[in-house]
Amino acid sequence: MSENPFISYLDNTSIFKKDRDILRASYIPDELPHRDSQISAIAQILYPSLKGQRASNLMIFGKTGTGKTAVAKYMKKEIEEAIEMAKLDIDLHYIYINCEISDTNYGVLQNIGNRFIKDFDSRIPHTGLSKERVYNMLFENLDDKKRVVIVVLDELDKLVYKSGDDVLYDLLKINDELKNSKVSLIGISNDLKFSELLDTRVKSRFGEEKMVFPPYNAGQLKDILKQRTEIAFAEDVIDDSVLGLCAALAAREHGDARRALDLLRVAAELAERGHEPRITEKHVKAAKNQIEMDCVSEAIRTLPQHSKLILMGIIMNEMRGRGSLTTGELYTIYVDLSRKSGNTPLTQRRITDLISELDMLGIIRASVVSFGRGGRTKKIESAVPPESTRALLLEDPQLEILKDYRIKVQRTLSI
DNA sequence: TGTCCACTGGAAGGGAGGGCTT
DNA sequence: AAGCCCTCCCTTCCAGTGGACA
């Protein structure tokens, strides 16, 4: 009988001392290194809510992985702790909402409203009601007793870009109508420019307080990693220089702490899988490659069917040794691929949107070019390795039929 | 300088699918 | 059951555009 396949992993417990989730950005440690000044500034803004008053609204800006979300979640823990310690008689609700998930005005109101509705059957459904009705349900349940509510809207730019700022307007004016409760907003965005999209009434009310989180430098990232390492790892599994490498690689990408933590976690997992007692630079470099590959593969695998067909067209064209395509050429190929795979082709207008989405995801590169009298179009090429991408796309049962497909299309323009 | 090409990308609206209200 | 209202995905329509060419 062969050996149980799990045994070798059970033996090997040397790298992680505790739950490996400690090395995820979503884990909030007891202390956040290099964010003291931001934390005390926010505390200064929020402290009126401990006296039952409305705190000023706050906008937080900063790039990915600069600790905005971590600080926002950390403040929840701290403010609740403060209430408990001082034995304050106050019904404070600190509500965190990720607007990438609740990305419609309806969704945000529903999310907030349901926090105050205890009875499961009376909860606001995810669709079906008028916005006005949802607002009223939220209002009534919120104002049925004296409450202080702080709503954190993380990734607020995503919501505003997608659905406008109606919900902000509603939430800002709600204080004028509330008799018992008070609501303050904290908006978080990694896009400094997004506030230009806001209505002036919203902008002036929301912009009572503003704060920018600077990127971490390599030294600060190293401190963050060090802190997590001490909680997560057994002793002597990692050298200072290896931590430094993780920090340096992440610092190169605008000081992204999330990236640094991912690198370290994946490197640790690789070392563990290889039954090695220590994490080395080799593991960090391998982790870097793996993270990049995983991101892209996952994005491709979860693409909608028509986006996959478009990508397939681009890849097949490149594998024939051709360079980039124009929108028109790609559309012709796409229509053919759609028919061959039993899909009804979408219109060219819709395809231009899907092309832009693929470009934003970084899977392809598309730039607008003009050929004078030849017209204005997009120059489109892939940004992923053709062979492995093709294999990934062919995993889709609906696209499998395209395995032996050959492109036959005449070039209309030469790029 | 004006024309013209092959689009780009905004706006409006349709309809399917989901869910509540009367 | 009919009437609303929502989101999501899509189509239709069309004004606008950069730059080669006459």
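These numbers come from the heavy atoms of this one structure, side chains and all, not from hydrogens, waters or symmetry mates. In the text below, chain A, chain B and the rest are named by the order of the sequence lines, each starting its count at 1.
To the nearest angstrom, P of dC5(B) lies 18 Å from CD of E329(A). Look at CZ on R376(A): it is 20 Å from P on dC14(C), rounded to the nearest Å. Spacing between atom CD of E132(A) and atom C1' of dC20(B) amounts to 15 Å, rounded to whole angstrom units. Nucleotide dG16(C) holds its P atom 19 Å from the NZ atom of K378(A), rounded to whole Å. With rounding to whole Å, M137(A) atom CE is found 14 Å from dC6(C) atom C1'. Spacing between atom CZ of R349(A) and atom P of dT11(C) amounts to 11 Å, rounded to whole angstrom units. Here the C1' atom of nucleotide dC14(C) and the CD atom of Q348(A) are 15 Å apart, to the nearest Å. Look at CD1 on I351(A): it is 11 Å from P on dT8(B), rounded to the nearest Å.
Contact of S370(A) with dG18(C) (side chain to base): a donor-acceptor pair of N or O atoms is detected under 3.5 Å.
Distances were taken from every side-chain heavy atom of R373(A) (C-beta onward) to each of dA22(C), dT7(C), dT21(B); the shortest belongs to dA22(C). Comparing atom distances between the R350(A) side chain and each of dT11(C), dT21(B), dT12(C) picks out dT11(C) as nearest. Here the nucleotide nearest the side chain of S130(A), chosen from dT7(C), dC10(C), dC5(C), is dC5(C). Here the nucleotide nearest the side chain of T377(A), chosen from dC6(C), dC9(C), dA6(B), is dA6(B). Here the side chain of T326(A) is nearest to one of dC20(B), dG9(B), dC7(B), namely dC7(B). Minimum atom distance to the side chain of K131(A) is reached by dC6(C), of the listed dA6(B), dC10(C), dC6(C).
Axis orientation changes by 30° from one end of the helix from dT1(B)-dA22(C) to dT22(B)-dA1(C) to the other, with each end axis drawn from 5 pairs and the value rounded to 10°.
K145(A) meets the side chain to side chain donor-acceptor pair (under 3.5 Å) test with D91(A); sequence neighbours excluded.
Annotation: cation-pi pair R35(A)/Y216(A) present, NZ/CZ under 6.0 Å from the ring centroid and within 45° of its normal. The side-chain tip of K173(A) points at the ring of Y135(A) from less than 6.0 angstrom away and within 45° of straight on. Seen from the ring of F61(A), K210(A) does not count as a face-on cation partner, given the 6.0 Å and 45° thresholds.
Taking only side-chain nitrogens and oxygens, T347(A) comes nearer than 4.0 Å to OP1 or OP2 of dT11(C).
With 3.5 Å as the limit, one finds no donor-acceptor pair spanning the side chains of D30(A) and Y74(A).
Residue Y106(A) is the one, among Y106(A) and P345(A), whose nearest nucleotide of DNA chain C lies closer to the 5' end (criterion: closest heavy atom).
The number of heavy atoms from other shown groups lying within 6.0 Å of CD (E84(A)) does not exceed 12.
Under 4.0 Å is where a charged nitrogen must lie from a carboxylate oxygen, and between R259(A) and D262(A) no such pair does.
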